[in-house]
Amino acid sequence: MQLISSGTTNQDGSVSIFCERKPFLIIAKKDKDRNYLKINDGSALSLSSFDVAGNKPENGIKAFIYGERDVWRPAIPFTFPSLLKI
């Protein structure tokens, strides 16, 4: 492997890197953790076979509420995380 560019994330966790050549692989690392992302046009999943348009809520808000686990016991507090689309 040959390093062609590098960068450090900002407080939001994002970074912009300029490369003169197109990279084949991006490696993100922190301490002992490593993440690898292969960059090539042929490995992307084609979205043409999937309905990716989404849908618009008819009457205001659309919500998805889910539990953090499948089973709750009495007297144990729990929360219901939710996703809202307005």
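- Between the side chain of S5 and the backbone N or O of F18, at least one donor-acceptor pair lies under 3.5 Å.
- With sequence neighbours excluded, no residue forms a ring-ring contact (aromatic ring centres under 6.0 Å, His included) with Y36.
- Residues satisfying the side-chain contact (heavy atoms from CB on, under 4.5 Å) test with D33, not counting sequence neighbours, are none.
- Applying the side-chain hydrogen bond (donor to acceptor under 3.5 Å, both in side chains) test to pairs two or more places apart or on separate chains, those with a residue in residues 15-32 are K22-D41.
- In the hydrophobic clustering (ILVMFWY side chains linked at under 4.5 Å, chained through shared members), I17 is joined by V15.
- Applying the side-chain contact (heavy atoms from CB on, under 4.5 Å) rule to L37 yields the partners I26, I39; only residues at least two apart in sequence or on another chain are considered.
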